[in-house]
Amino acid sequence: MFQQFSLNHVYFMLTGLGWTIGLAAIALIGGSIAGSVLTLMRVSANPVLSRIAQVYIFVVQGTPLLVTLFIAYFGSTYLGFTVAPLTAIAVAFSFYAAAFLGDIWRGAIQSVPVGQREGAHALGLSGADTMRHIIIPQAIRIATPPTVGFFVQLIKNTSLASVVGIVELTRTAQIVSNATFKPLEVYLTAALFYFLVCFPITLFSRRLEKRLSV
Amino acid sequence: MADIDDTVVEARKVCKFFGKFQALADVDLKVSKGETIVVCGPSGSGKSTLIRCINALEQHQSGDLVVCGIPLSGTRASIDAVRRRTGMVFQNFNLFPHMTVIENCMIAPMKVKGMSRDEARATAERFLKRVHIPEQADKYPIQLSGGQQQRVAIARALSMSPDVMLFDEPTSALDPEMVREVLDTMVELAQGGATMICVTHEMNFARQVADRVIFMDRGAIIEAGEPEAFFSAPRSERAREFLAQILH
Ligand SMILES: Nc1ncnc2c1ncn2[C@@H]1O[C@H](COP(=O)(O)OP(=O)(O)O)[C@@H](O)[C@H]1O
Ligand SMILES: [Mg+2]
(Lines give C-alpha, C1' and ligand atoms only; values in the text may rest on other atoms or scores of the structure.)
(Ligands and ions follow the chains in the order given, each with its own letter.)
Protein backbone atom coordinates (compact mmCIF):
# COMPACT_ATOMS: atom_id res chain seq x y z
CA MET A 1 0.00 0.00 0.00
CA PHE A 2 1.07 3.55 -0.54
CA GLN A 3 1.88 5.68 2.49
CA GLN A 4 0.47 9.14 3.15
CA PHE A 5 2.83 12.03 2.32
CA SER A 6 3.49 13.03 5.92
CA LEU A 7 5.70 15.21 8.03
CA ASN A 8 8.04 12.24 8.50
CA HIS A 9 8.66 12.27 4.78
CA VAL A 10 9.39 15.98 4.92
CA TYR A 11 11.90 15.33 7.71
CA PHE A 12 13.50 12.66 5.58
CA MET A 13 13.73 15.11 2.72
CA LEU A 14 15.29 17.64 5.09
CA THR A 15 18.14 15.20 5.75
CA GLY A 16 18.53 15.04 1.97
CA LEU A 17 18.61 18.84 1.93
CA GLY A 18 21.38 18.69 4.52
CA TRP A 19 23.44 16.56 2.14
CA THR A 20 22.66 18.88 -0.73
CA ILE A 21 23.89 21.88 1.23
CA GLY A 22 26.98 19.97 2.34
CA LEU A 23 27.78 18.93 -1.22
CA ALA A 24 27.23 22.45 -2.46
CA ALA A 25 29.56 23.81 0.20
CA ILE A 26 32.25 21.31 -0.79
CA ALA A 27 31.78 22.21 -4.46
CA LEU A 28 31.85 25.96 -3.83
CA ILE A 29 34.90 25.90 -1.58
CA GLY A 30 36.87 23.36 -3.60
CA GLY A 31 35.84 25.01 -6.85
CA SER A 32 36.76 28.48 -5.62
CA ILE A 33 40.19 27.41 -4.49
CA ALA A 34 40.95 25.50 -7.68
CA GLY A 35 39.30 28.28 -9.70
CA SER A 36 41.58 30.89 -8.14
CA VAL A 37 44.62 28.85 -9.07
CA LEU A 38 43.35 28.47 -12.63
CA THR A 39 42.61 32.20 -12.85
CA LEU A 40 46.12 33.10 -11.74
CA MET A 41 47.57 30.64 -14.25
CA ARG A 42 45.34 32.03 -16.98
CA VAL A 43 46.34 35.67 -16.46
CA SER A 44 49.99 34.96 -15.67
CA ALA A 45 52.68 36.20 -17.99
CA ASN A 46 53.99 32.65 -18.34
CA PRO A 47 52.59 31.36 -21.65
CA VAL A 48 52.96 27.69 -20.68
CA LEU A 49 50.91 28.07 -17.48
CA SER A 50 48.32 30.13 -19.27
CA ARG A 51 48.06 27.56 -22.05
CA ILE A 52 47.69 24.64 -19.65
CA ALA A 53 44.88 26.46 -17.85
CA GLN A 54 43.22 27.27 -21.15
CA VAL A 55 43.27 23.66 -22.32
CA TYR A 56 41.99 22.47 -18.93
CA ILE A 57 39.09 24.93 -19.05
CA PHE A 58 38.29 23.93 -22.61
CA VAL A 59 38.23 20.19 -21.87
CA VAL A 60 36.37 20.30 -18.55
CA GLN A 61 33.80 22.82 -19.74
CA GLY A 62 33.10 20.53 -22.66
CA THR A 63 32.48 17.48 -20.46
CA PRO A 64 29.11 16.92 -18.78
CA LEU A 65 29.36 16.97 -15.01
CA LEU A 66 27.80 13.52 -14.85
CA VAL A 67 30.64 12.15 -16.99
CA THR A 68 33.25 13.90 -14.86
CA LEU A 69 31.61 12.36 -11.82
CA PHE A 70 31.68 8.85 -13.31
CA ILE A 71 35.31 9.27 -14.32
CA ALA A 72 36.28 10.36 -10.80
CA TYR A 73 34.29 7.54 -9.20
CA PHE A 74 34.84 4.58 -11.49
CA GLY A 75 38.16 5.77 -12.85
CA SER A 76 39.79 5.49 -9.46
CA THR A 77 38.40 1.99 -8.97
CA TYR A 78 39.79 1.11 -12.38
CA LEU A 79 43.19 2.39 -11.30
CA GLY A 80 43.05 0.00 -8.37
CA PHE A 81 42.04 2.12 -5.38
CA THR A 82 38.55 2.64 -4.10
CA VAL A 83 37.43 6.09 -3.14
CA ALA A 84 34.54 7.03 -0.94
CA PRO A 85 31.67 8.46 -3.01
CA LEU A 86 32.03 11.72 -1.15
CA THR A 87 35.68 12.01 -2.14
CA ALA A 88 34.86 11.33 -5.77
CA ILE A 89 32.18 13.97 -5.63
CA ALA A 90 34.38 16.53 -3.93
CA VAL A 91 37.05 16.03 -6.58
CA ALA A 92 34.68 16.00 -9.55
CA PHE A 93 32.69 19.03 -8.45
CA SER A 94 35.78 21.04 -7.58
CA PHE A 95 37.40 20.30 -10.93
CA TYR A 96 34.20 21.09 -12.72
CA ALA A 97 33.54 24.34 -10.86
CA ALA A 98 37.16 25.42 -11.25
CA ALA A 99 36.88 25.31 -15.03
CA PHE A 100 33.91 27.68 -15.04
CA LEU A 101 35.04 29.96 -12.25
CA GLY A 102 38.54 30.20 -13.73
CA ASP A 103 37.01 31.40 -16.95
CA ILE A 104 34.53 33.82 -15.36
CA TRP A 105 37.23 35.36 -13.17
CA ARG A 106 39.77 35.62 -15.95
CA GLY A 107 37.19 37.45 -18.05
CA ALA A 108 36.46 39.81 -15.17
CA ILE A 109 40.12 40.60 -14.60
CA GLN A 110 40.71 41.22 -18.27
CA SER A 111 37.67 43.44 -18.60
CA VAL A 112 39.08 45.97 -16.13
CA PRO A 113 40.17 48.77 -18.49
CA VAL A 114 43.87 48.79 -19.36
CA GLY A 115 44.07 52.41 -18.18
CA GLN A 116 43.65 51.17 -14.61
CA ARG A 117 46.79 49.07 -14.83
CA GLU A 118 48.68 51.89 -16.50
CA GLY A 119 47.50 54.39 -13.91
CA ALA A 120 48.77 52.10 -11.17
CA HIS A 121 52.08 51.38 -12.89
CA ALA A 122 52.64 55.07 -13.56
CA LEU A 123 52.41 55.63 -9.80
CA GLY A 124 55.10 53.02 -9.27
CA LEU A 125 52.82 50.33 -7.80
CA SER A 126 54.25 46.84 -8.19
CA GLY A 127 52.53 44.17 -10.27
CA ALA A 128 51.27 42.42 -7.13
CA ASP A 129 49.98 45.62 -5.52
CA THR A 130 48.30 46.62 -8.77
CA MET A 131 46.55 43.26 -8.91
CA ARG A 132 45.55 43.27 -5.28
CA HIS A 133 44.47 46.86 -4.77
CA ILE A 134 43.42 48.04 -8.21
CA ILE A 135 42.46 45.18 -10.53
CA ILE A 136 40.92 42.53 -8.28
CA PRO A 137 38.55 44.84 -6.37
CA GLN A 138 37.14 46.03 -9.68
CA ALA A 139 37.10 42.51 -11.15
CA ILE A 140 35.08 41.24 -8.17
CA ARG A 141 32.35 43.72 -8.96
CA ILE A 142 32.25 42.56 -12.56
CA ALA A 143 32.43 38.87 -11.64
CA THR A 144 29.80 38.82 -8.90
CA PRO A 145 26.63 38.28 -10.96
CA PRO A 146 27.99 35.47 -13.18
CA THR A 147 29.70 33.84 -10.20
CA VAL A 148 26.52 33.76 -8.17
CA GLY A 149 24.62 32.51 -11.21
CA PHE A 150 27.09 29.67 -11.50
CA PHE A 151 26.92 28.90 -7.75
CA VAL A 152 23.15 28.55 -7.96
CA GLN A 153 23.60 26.29 -10.96
CA LEU A 154 26.12 24.23 -9.02
CA ILE A 155 23.79 23.80 -6.05
CA LYS A 156 21.14 22.42 -8.33
CA ASN A 157 23.68 20.17 -10.03
CA THR A 158 24.46 18.44 -6.73
CA SER A 159 21.41 16.30 -7.51
CA LEU A 160 23.75 14.33 -9.76
CA ALA A 161 25.48 13.00 -6.65
CA SER A 162 22.65 10.50 -6.28
CA VAL A 163 24.20 8.41 -9.06
CA VAL A 164 27.10 7.48 -6.80
CA GLY A 165 24.76 6.62 -3.96
CA ILE A 166 24.45 9.84 -1.99
CA VAL A 167 20.95 10.38 -0.69
CA GLU A 168 20.63 14.08 -1.26
CA LEU A 169 17.48 16.13 -1.75
CA THR A 170 16.46 14.92 -5.21
CA ARG A 171 17.13 11.30 -4.26
CA THR A 172 15.02 11.59 -1.08
CA ALA A 173 12.24 13.12 -3.15
CA GLN A 174 12.42 10.16 -5.51
CA ILE A 175 12.21 7.70 -2.63
CA VAL A 176 9.31 9.51 -0.99
CA SER A 177 7.52 9.87 -4.27
CA ASN A 178 7.80 6.14 -4.92
CA ALA A 179 6.49 5.36 -1.44
CA THR A 180 3.58 7.78 -1.45
CA PHE A 181 2.81 8.01 -5.13
CA LYS A 182 2.31 11.74 -4.66
CA PRO A 183 4.99 12.95 -7.09
CA LEU A 184 3.56 16.43 -7.57
CA GLU A 185 3.41 17.29 -3.86
CA VAL A 186 6.77 15.70 -3.20
CA TYR A 187 8.64 17.35 -6.04
CA LEU A 188 7.02 20.72 -5.32
CA THR A 189 8.33 20.37 -1.79
CA ALA A 190 11.79 19.56 -3.14
CA ALA A 191 11.58 22.57 -5.46
CA LEU A 192 10.65 24.77 -2.51
CA PHE A 193 13.68 23.50 -0.58
CA TYR A 194 16.02 24.26 -3.50
CA PHE A 195 14.45 27.68 -3.78
CA LEU A 196 14.94 28.36 -0.07
CA VAL A 197 18.65 27.65 -0.46
CA CYS A 198 19.24 29.49 -3.74
CA PHE A 199 17.08 32.55 -3.20
CA PRO A 200 19.05 34.01 -0.28
CA ILE A 201 22.21 33.64 -2.32
CA THR A 202 20.73 35.57 -5.21
CA LEU A 203 19.48 38.19 -2.78
CA PHE A 204 22.89 38.46 -1.15
CA SER A 205 24.49 38.90 -4.55
CA ARG A 206 22.11 41.76 -5.39
CA ARG A 207 23.06 43.46 -2.14
CA LEU A 208 26.74 42.94 -2.77
CA GLU A 209 26.43 44.33 -6.28
CA LYS A 210 24.73 47.44 -4.97
CA ARG A 211 27.31 47.92 -2.27
CA LEU A 212 30.20 47.46 -4.70
CA SER A 213 28.84 49.61 -7.49
CA VAL A 214 29.71 53.03 -6.16
CA MET B 1 74.30 76.28 -19.33
CA ALA B 2 72.49 73.93 -16.99
CA ASP B 3 74.55 71.93 -14.57
CA ILE B 4 74.72 68.22 -15.40
CA ASP B 5 72.86 67.45 -12.17
CA ASP B 6 69.99 69.60 -13.36
CA THR B 7 69.14 67.27 -16.21
CA VAL B 8 65.92 65.42 -15.48
CA VAL B 9 65.35 63.75 -18.83
CA GLU B 10 67.91 63.05 -21.46
CA ALA B 11 67.11 61.19 -24.66
CA ARG B 12 69.73 60.38 -27.28
CA LYS B 13 68.71 58.84 -30.58
CA VAL B 14 65.77 57.07 -28.97
CA CYS B 15 63.88 54.73 -31.30
CA LYS B 16 60.68 52.85 -30.57
CA PHE B 17 59.01 50.30 -32.81
CA PHE B 18 55.60 48.65 -32.58
CA GLY B 19 56.32 45.60 -34.67
CA LYS B 20 57.65 47.05 -37.89
CA PHE B 21 56.08 50.43 -37.35
CA GLN B 22 58.51 53.05 -36.10
CA ALA B 23 56.78 55.26 -33.54
CA LEU B 24 59.88 57.18 -32.43
CA ALA B 25 62.76 57.98 -34.75
CA ASP B 26 66.06 59.16 -33.29
CA VAL B 27 64.53 61.41 -30.68
CA ASP B 28 66.96 63.72 -28.91
CA LEU B 29 65.65 65.64 -25.96
CA LYS B 30 67.06 67.23 -22.88
CA VAL B 31 64.89 68.59 -20.12
CA SER B 32 66.36 70.39 -17.14
CA LYS B 33 65.00 70.83 -13.67
CA GLY B 34 62.22 73.41 -13.51
CA GLU B 35 61.61 73.49 -17.24
CA THR B 36 58.19 73.25 -18.81
CA ILE B 37 58.14 71.63 -22.22
CA VAL B 38 55.10 71.54 -24.45
CA VAL B 39 54.96 68.77 -27.05
CA CYS B 40 52.62 69.15 -29.99
CA GLY B 41 52.12 67.58 -33.37
CA PRO B 42 49.51 65.80 -35.45
CA SER B 43 47.67 62.76 -34.16
CA GLY B 44 49.82 59.63 -34.42
CA SER B 45 53.08 61.56 -34.45
CA GLY B 46 54.44 59.75 -31.40
CA LYS B 47 53.80 62.29 -28.63
CA SER B 48 52.17 59.81 -26.29
CA THR B 49 54.76 57.20 -27.12
CA LEU B 50 57.54 59.64 -26.21
CA ILE B 51 56.22 60.41 -22.74
CA ARG B 52 55.22 56.81 -22.17
CA CYS B 53 58.81 55.81 -22.89
CA ILE B 54 60.00 58.45 -20.46
CA ASN B 55 58.08 56.88 -17.58
CA ALA B 56 58.74 53.35 -18.84
CA LEU B 57 55.14 52.47 -19.60
CA GLU B 58 56.68 51.58 -22.98
CA GLN B 59 60.21 50.33 -23.55
CA HIS B 60 62.31 51.93 -26.27
CA GLN B 61 64.46 49.66 -28.41
CA SER B 62 67.53 51.70 -29.16
CA GLY B 63 69.24 54.88 -28.14
CA ASP B 64 69.80 56.11 -24.59
CA LEU B 65 67.12 57.35 -22.29
CA VAL B 66 68.15 58.62 -18.88
CA VAL B 67 65.38 59.76 -16.54
CA CYS B 68 66.10 61.28 -13.13
CA GLY B 69 69.64 60.01 -13.46
CA ILE B 70 68.49 56.44 -14.08
CA PRO B 71 69.41 54.87 -17.43
CA LEU B 72 66.36 53.00 -18.71
CA SER B 73 67.84 49.70 -19.71
CA GLY B 74 64.72 47.55 -19.72
CA THR B 75 65.55 45.98 -16.36
CA ARG B 76 62.79 45.70 -13.78
CA ALA B 77 64.83 47.76 -11.32
CA SER B 78 65.34 50.67 -13.70
CA ILE B 79 61.67 50.62 -14.73
CA ASP B 80 60.44 50.64 -11.12
CA ALA B 81 62.89 53.34 -10.10
CA VAL B 82 61.86 55.62 -12.95
CA ARG B 83 58.14 55.07 -12.42
CA ARG B 84 58.29 56.09 -8.81
CA ARG B 85 60.09 59.32 -9.68
CA THR B 86 57.87 60.39 -12.57
CA GLY B 87 54.24 61.45 -12.38
CA MET B 88 51.82 60.86 -15.23
CA VAL B 89 48.48 62.48 -16.01
CA PHE B 90 46.42 60.72 -18.65
CA GLN B 91 43.86 62.02 -21.09
CA ASN B 92 41.18 59.83 -19.51
CA PHE B 93 42.27 60.45 -15.91
CA ASN B 94 42.54 56.72 -15.09
CA LEU B 95 41.39 57.35 -11.55
CA PHE B 96 40.58 54.26 -9.50
CA PRO B 97 36.76 54.21 -9.41
CA HIS B 98 36.49 51.96 -6.35
CA MET B 99 38.47 54.34 -4.17
CA THR B 100 37.57 57.76 -2.84
CA VAL B 101 39.46 60.80 -4.05
CA ILE B 102 41.76 60.81 -1.06
CA GLU B 103 42.34 57.05 -1.25
CA ASN B 104 43.36 57.52 -4.88
CA CYS B 105 46.03 59.90 -3.62
CA MET B 106 47.09 57.71 -0.68
CA ILE B 107 47.58 54.31 -2.27
CA ALA B 108 50.95 54.93 -3.95
CA PRO B 109 52.60 56.80 -1.04
CA MET B 110 51.54 53.94 1.24
CA LYS B 111 52.40 51.00 -0.99
CA VAL B 112 55.41 52.40 -2.81
CA LYS B 113 56.95 54.74 -0.26
CA GLY B 114 55.80 52.81 2.79
CA MET B 115 54.13 55.83 4.38
CA SER B 116 51.74 55.25 7.26
CA ARG B 117 48.06 55.85 6.65
CA ASP B 118 48.12 59.12 8.60
CA GLU B 119 51.19 60.39 6.83
CA ALA B 120 49.72 59.50 3.44
CA ARG B 121 46.45 61.18 4.34
CA ALA B 122 48.24 64.37 5.36
CA THR B 123 50.25 64.36 2.12
CA ALA B 124 47.15 63.71 0.05
CA GLU B 125 45.25 66.52 1.76
CA ARG B 126 48.09 68.89 1.05
CA PHE B 127 48.03 68.12 -2.67
CA LEU B 128 44.24 68.17 -2.90
CA LYS B 129 44.44 71.70 -1.47
CA ARG B 130 47.07 72.50 -4.04
CA VAL B 131 44.65 71.58 -6.87
CA HIS B 132 41.81 73.39 -5.03
CA ILE B 133 39.51 70.48 -4.25
CA PRO B 134 40.16 69.57 -0.61
CA GLU B 135 36.40 69.45 0.00
CA GLN B 136 35.98 66.55 -2.45
CA ALA B 137 38.33 64.23 -0.57
CA ASP B 138 35.75 61.67 0.50
CA LYS B 139 33.79 61.51 -2.73
CA TYR B 140 34.21 58.87 -5.39
CA PRO B 141 35.64 59.93 -8.76
CA ILE B 142 32.33 59.35 -10.55
CA GLN B 143 30.69 61.99 -8.36
CA LEU B 144 33.05 64.66 -9.70
CA SER B 145 33.06 66.70 -12.89
CA GLY B 146 35.67 65.92 -15.53
CA GLY B 147 37.74 68.95 -14.59
CA GLN B 148 37.70 67.96 -10.94
CA GLN B 149 38.63 64.37 -11.81
CA GLN B 150 41.60 65.53 -13.80
CA ARG B 151 42.73 67.73 -10.91
CA VAL B 152 42.48 64.70 -8.63
CA ALA B 153 44.66 62.83 -11.13
CA ILE B 154 47.19 65.66 -10.90
CA ALA B 155 47.09 65.54 -7.09
CA ARG B 156 47.48 61.76 -7.18
CA ALA B 157 50.60 62.05 -9.33
CA LEU B 158 51.98 64.87 -7.15
CA SER B 159 51.45 62.80 -4.01
CA MET B 160 54.54 60.80 -4.98
CA SER B 161 56.56 64.04 -5.19
CA PRO B 162 57.87 63.16 -8.65
CA ASP B 163 60.91 64.82 -10.17
CA VAL B 164 59.04 65.34 -13.41
CA MET B 165 55.36 65.50 -14.31
CA LEU B 166 54.20 64.12 -17.64
CA PHE B 167 50.86 65.18 -19.10
CA ASP B 168 49.28 63.37 -22.04
CA GLU B 169 46.63 65.67 -23.50
CA PRO B 170 45.14 66.32 -20.07
CA THR B 171 42.36 68.56 -21.36
CA SER B 172 41.37 66.72 -24.56
CA ALA B 173 38.66 64.62 -22.92
CA LEU B 174 37.14 67.57 -21.07
CA ASP B 175 34.12 69.67 -21.84
CA PRO B 176 35.31 73.13 -22.96
CA GLU B 177 34.13 74.87 -19.80
CA MET B 178 36.38 72.65 -17.69
CA VAL B 179 39.57 73.06 -19.64
CA ARG B 180 40.44 76.32 -17.92
CA GLU B 181 40.48 74.98 -14.36
CA VAL B 182 42.86 72.19 -15.32
CA LEU B 183 45.16 74.49 -17.28
CA ASP B 184 45.17 76.97 -14.40
CA THR B 185 46.31 74.19 -12.08
CA MET B 186 49.07 73.27 -14.51
CA VAL B 187 50.15 76.89 -14.83
CA GLU B 188 50.42 77.17 -11.06
CA LEU B 189 52.51 74.01 -11.00
CA ALA B 190 54.82 75.30 -13.70
CA GLN B 191 55.19 78.64 -11.99
CA GLY B 192 55.89 76.83 -8.74
CA GLY B 193 59.01 75.39 -10.34
CA ALA B 194 57.85 71.89 -11.29
CA THR B 195 59.53 70.11 -14.18
CA MET B 196 56.85 69.31 -16.71
CA ILE B 197 56.50 67.72 -20.12
CA CYS B 198 53.04 68.40 -21.48
CA VAL B 199 51.53 66.97 -24.61
CA THR B 200 48.89 69.56 -25.40
CA HIS B 201 47.57 71.73 -28.17
CA GLU B 202 46.59 74.52 -25.80
CA MET B 203 48.65 77.33 -27.27
CA ASN B 204 47.78 79.86 -24.61
CA PHE B 205 49.11 77.51 -22.00
CA ALA B 206 52.28 77.06 -24.05
CA ARG B 207 52.68 80.82 -24.47
CA GLN B 208 52.13 81.41 -20.79
CA VAL B 209 54.52 78.91 -19.23
CA ALA B 210 56.45 76.82 -21.76
CA ASP B 211 60.20 77.26 -21.93
CA ARG B 212 60.21 75.32 -25.16
CA VAL B 213 57.70 73.95 -27.62
CA ILE B 214 58.58 70.74 -29.38
CA PHE B 215 56.88 69.84 -32.62
CA MET B 216 56.75 66.18 -33.58
CA ASP B 217 55.76 64.49 -36.78
CA ARG B 218 56.04 60.82 -37.78
CA GLY B 219 57.95 59.90 -34.67
CA ALA B 220 60.61 62.58 -34.99
CA ILE B 221 61.17 65.94 -33.39
CA ILE B 222 60.96 68.37 -36.28
CA GLU B 223 61.29 71.63 -34.44
CA ALA B 224 62.00 72.91 -30.97
CA GLY B 225 61.94 76.51 -29.90
CA GLU B 226 60.55 79.19 -27.65
CA PRO B 227 56.77 79.32 -27.86
CA GLU B 228 56.52 82.81 -29.34
CA ALA B 229 59.03 82.04 -32.06
CA PHE B 230 57.45 78.68 -32.84
CA PHE B 231 53.88 79.93 -33.04
CA SER B 232 54.59 83.11 -34.97
CA ALA B 233 57.30 81.84 -37.29
CA PRO B 234 57.53 78.05 -37.55
CA ARG B 235 60.46 77.05 -39.67
CA SER B 236 59.20 73.79 -41.15
CA GLU B 237 56.42 73.39 -43.66
CA ARG B 238 54.84 70.61 -41.60
CA ALA B 239 54.67 72.78 -38.50
CA ARG B 240 53.09 75.56 -40.53
CA GLU B 241 50.44 73.16 -41.83
CA PHE B 242 49.81 71.82 -38.36
CA LEU B 243 49.44 75.27 -36.84
CA ALA B 244 47.12 76.36 -39.62
CA GLN B 245 44.96 73.35 -38.79
CA ILE B 246 44.70 73.83 -35.05
CA LEU B 247 44.01 77.54 -35.57
CA HIS B 248 41.29 76.34 -38.01
N1 LIG C 1 50.60 49.73 -28.49
C2 LIG C 1 50.71 50.07 -29.78
N3 LIG C 1 50.79 49.12 -30.73
C4 LIG C 1 50.92 49.44 -32.03
N5 LIG C 1 51.01 50.70 -32.50
C6 LIG C 1 50.96 51.69 -31.61
C7 LIG C 1 50.80 51.44 -30.21
N8 LIG C 1 50.78 52.62 -29.57
C9 LIG C 1 50.90 53.57 -30.52
N10 LIG C 1 51.02 53.02 -31.73
C11 LIG C 1 51.20 53.74 -33.00
O12 LIG C 1 52.28 54.62 -32.86
C13 LIG C 1 51.99 55.85 -33.47
C14 LIG C 1 52.20 56.96 -32.52
O15 LIG C 1 51.20 56.87 -31.52
P16 LIG C 1 51.07 57.93 -30.37
O17 LIG C 1 52.37 58.08 -29.69
O18 LIG C 1 49.91 57.49 -29.54
O19 LIG C 1 50.70 59.25 -31.17
P20 LIG C 1 50.17 60.63 -30.64
O21 LIG C 1 50.11 60.59 -29.16
O22 LIG C 1 51.12 61.64 -31.17
O23 LIG C 1 48.81 60.80 -31.25
C24 LIG C 1 50.58 55.77 -34.01
O25 LIG C 1 50.62 55.52 -35.38
C26 LIG C 1 49.99 54.60 -33.29
O27 LIG C 1 49.07 53.94 -34.11
MG1 LIG D 1 48.43 60.65 -27.90
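Please read these numbers as outputs of a predicted model, since none were measured by experiment. Hydrogens, waters and symmetry mates play no part in the numbers below; they use all other heavy atoms, side chains included. Order of the sequence lines sets the chain letters (A, B, ...), proteins ahead of strands, with each chain counted from 1.
For the 3.5 Å distance criterion, the side chains of Thr147(A) and Trp105(A) qualify, holding a donor opposite an acceptor.
Top candidate by heavy-atom pairs under 4.5 Å with chain A, chosen from Met160(B), Arg156(B), Lys113(B), is Arg156(B). Chosen from Lys111(B), Arg76(B), Arg52(B), Met99(B), the residue pairing most often with chain A at heavy-atom distances under 4.5 Å is Lys111(B).
Both the backbone and the side chain of Phe96(B) come within contact range of chain A, judged by heavy atoms closer than 4.5 Å. Leu57(B) touches chain A through its side chain: at least one heavy atom from C-beta onward sits under 4.5 Å away, while N, CA, C and O do not. Interface remark: Leu166(B) contributes no atoms to any contact with chain A (heavy atom separation under 4.5 Å). Asp80(B) does not touch chain A: none of its heavy atoms, backbone or side chain, sits under 4.5 Å away.
The cationic group of Lys16(B) lies under 6.0 Å from the six-membered ring centre of Phe18(B) and within 45° of the ring axis, placing it in a cation-pi geometry.
For an aromatic pair to be called close, the ring centres must be under 6.0 Å apart, and Tyr78(A) with Phe74(A) fails this.
We find that Arg12(B) and Glu10(B) are joined by a salt bridge, their nearest charged nitrogen and carboxylate oxygen being less than 4.0 Å apart.
Screening Ile26(A), Leu65(A), Leu23(A), Ile29(A) against Phe93(A) for a side-chain contact (heavy atoms from CB on, under 4.5 Å) leaves a single residue, Leu65(A).
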